[in-house]
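A quick write-up on the structure given underneath.
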2 protein chains.
Amino acid sequence: MAPSKQTGTAQAEPSPWRSPAQRGHDRALKREAVLKAAARLFNEKGFHATSLDDVARQLNVTKPTLYHYFRSKDDVLFECCRMGLEMIEAAAAPVPGSRASGLERLRALMEKYAEAMTMDFGMSITRTPDTALSPENRAELRRLKSQIDQALRGVIASGIDDGSIAPCDVRTAAFTIAGALNAIAHWYKPGGPLSPAEIAHQTADFLIQGLAPRTPERRQPKR
Amino acid sequence: MAPSKQTGTAQAEPSPWRSPAQRGHDRALKREAVLKAAARLFNEKGFHATSLDDVARQLNVTKPTLYHYFRSKDDVLFECCRMGLEMIEAAAAPVPGSRASGLERLRALMEKYAEAMTMDFGMSITRTPDTALSPENRAELRRLKSQIDQALRGVIASGIDDGSIAPCDVRTAAFTIAGALNAIAHWYKPGGPLSPAEIAHQTADFLIQGLAPRTPERRQPKR
DNA sequence: AATATATGTTACTTATGGGTAACATCCAGG
DNA sequence: CCTGGATGTTACCCATAAGTAACATATATT
């Protein structure tokens with residue numbers, strides 16, 4: 001990823017030494033590279049089956065190097081999950097001054113949530129046993145998850161209020177929706193027949209429409 | 001669980017020695033007791049955070065004793081999951097000579113599936129990383145899960161055929177439903193406000209009805 | 001009685017992998 | 001220069017827990 005020095009044919013000849021600002025930036029990049037590699041391996045082989053040596057090898061460094069960027073293994077996992085949760089939380093943030101109905105806002109949220117679940121950081125949220133984390137980290141993740149849950153419930157409730165969503169038990173609805181969306185992390189495979197966007201759309205559709213036909217007595221013509 | 005000998009006040013004085021048939025039966029009981037204790041601990045603390053010493057201690061025996069009943073730790077986990085999956089598969093078996101619509105059969109399946117997810121063996125299916133298992137055991141579990149998935153898809157397809165279920169992508173629908181139901185294992189807590197049966201009913205309701213009101217323009221009166 | 005089998009124990013081995021100590025190198029800044 | 005802080009290495013420690021060996025005893029069988 002980092003541009004390798006091409007000696008000889010240089011023009012403008014960029015200095016091989018990074019500027020102080022660059023140096024700090026590099027650190028952030030490396031930190032994130034560790035997270036990305038770790039998340040991928042954790043999702044692929046499982047957290048416990050992945051050693052820090054594995055992660056380090058993937059990045060062409062050695063294990064102690066990782067400790068320059070993270071306190072501990074579960075800190076790495078924690079940051080992966082936090083990344084994923086923040087993506088979702090961003091999607092859950094209410095757009096100020098939007099005139100969208102509750103259902104429309106919920107659909108948007110569900111689709112972004114679903115897409116996050118096809119990405120490494122999103123996957124790590126659900127493919128990882130939270131029992132692997134230290135109590136503090138676990139508590140923090142629970143807090144973030146709970147925040148998302150609350151946002152989700154809020155949107156559902158507002159949809160029920162404005163009539164765009166059928167009255168239902170908000171708590172159960174939120175759990176069911178989150179469960180269905182989280183599950184994507186378990187069955188999505190990059191090579192599959194559906195793109196993330198298609199999965200997101202179909203899943204949201206399904207949750208909105210439900211199984212029962214709109215006209216229970218007659219068979220739906222097709223769409 | 002096993003009746004402790006009450007010396008002294010006996011009537012009919014049952015022999016302290018088990019009959020040969022009883023002996024075999026005892027073994028099966030003990031095996032199952034191990035599974036039950038293990039499943040509970042695995043769900044509570046996580047598979048990797050639970051040692052076989054923990055399981056043994058819970059049963060007032062020592063670790064090597066467990067090896068009289070199981071080959072290895074992941075065999076224990078495997079059997080827990082197999083138990084859970086078999087409960088669900090039993091629920092998925094078609095009732096011969098039933099005149100129920102696809103939707104009705106699907107509801108029944110979903111509710112039994114949901115209830116299984118509130119029980120120890122059912123929970124272990126989803127609360128456990130399948131990466132903890134040996135390749136052979138993992139493959140076998142995948143086979144069982146796939147069988148259930150196929151049954152689920154079959155019921156959905158037959159519901160679409162008979163018009164009781166709205167046309168939809170069967171694969172996505174099956175994944176979404178299974179995901180929502182599996183999630184119950186993550187949020188259900190015995191002390192909670194809803195009983196397993198209520199959770200099962202509400203969740204099935206939600207998946208059938210969807211979020212959108214049946215009459216999109218007007219607010220539903222209530223039920 | 002004698003032998004085999006099932007069930008249980010105590011005491012051990014051993015592999016794994018998270019985490020650390022000590023040391024090398026490179027760049028920045030007074 | 002030369003000190004100091006990143007960044008990276010090699011070599012090590014060590015706690016945990018799975019699994020096993022050797023042994024004890026009760027029960028079943030011939």
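Within every chain, numbering begins at 1; the chains are lettered A, B, ... in the order of the sequence lines, protein sequences first and strands thereafter.
Between A:K30 and D:dG8 there is a side-chain polar atom (N or O) within less than 4.0 angstrom of OP1 or OP2.
Atom pair A:R31:CZ and D:dA6:P shows a separation of 15 Å (rounding to whole Å applied). If you measure from atom CG of B:D26 to atom C1' of C:dG8, you get 15 Å, rounded to the nearest angstrom.
The existence of a salt bridge linking B:R82 and B:E140 is excluded, since no basic side-chain nitrogen approaches an acidic carboxylate oxygen closer than 4.0 Å.
Of the residues in residues 32-60 of chain B, B:T50, B:S51, B:L52 come within less than 4.0 Å of DNA chain D through at least one heavy atom, sorted by number. Using a 4.0 Å cutoff on non-hydrogen atoms, the parts of residues 62-76 of chain B near DNA chain C are B:T62, B:P64, B:T65, B:H68, B:Y69, ordered by number.
Taking the side chain to side chain contact (heavy atoms under 4.5 Å, CB included) definition, one finds that A:R138 meets it with A:D130, A:L133, A:R142, sequence neighbours left out. B:E32 pairs by the side-chain hydrogen bond (donor to acceptor under 3.5 Å, both in side chains) definition with nothing, not counting sequence neighbours. Remark: A:E111 pairs with A:R107, A:A200, A:H201, A:A204 by the side chain to side chain contact (heavy atoms under 4.5 Å, CB included) rule, at least two apart or across chains. Listed by chain and residue number, nothing satisfies the side-chain hydrogen bond (donor to acceptor under 3.5 Å, both in side chains) test with B:T118 (two or more places apart in sequence, or in another chain). Among residues two or more places apart in sequence or in another chain, the side-chain hydrogen bond (donor to acceptor under 3.5 Å, both in side chains) test is passed with A:S72 by none. Legend: residues meeting side chain to side chain contact (heavy atoms under 4.5 Å, CB included) with A:V170, ordered by chain and number and at least two apart, are A:R153, A:I156, A:I160.
Within the structure, ring-ring contact (aromatic ring centres under 6.0 Å, His included) pairs that include any residue of residues 30-61 of chain A comprise A:F42-A:F47, A:H48-B:H48 (at least two apart or interchain).
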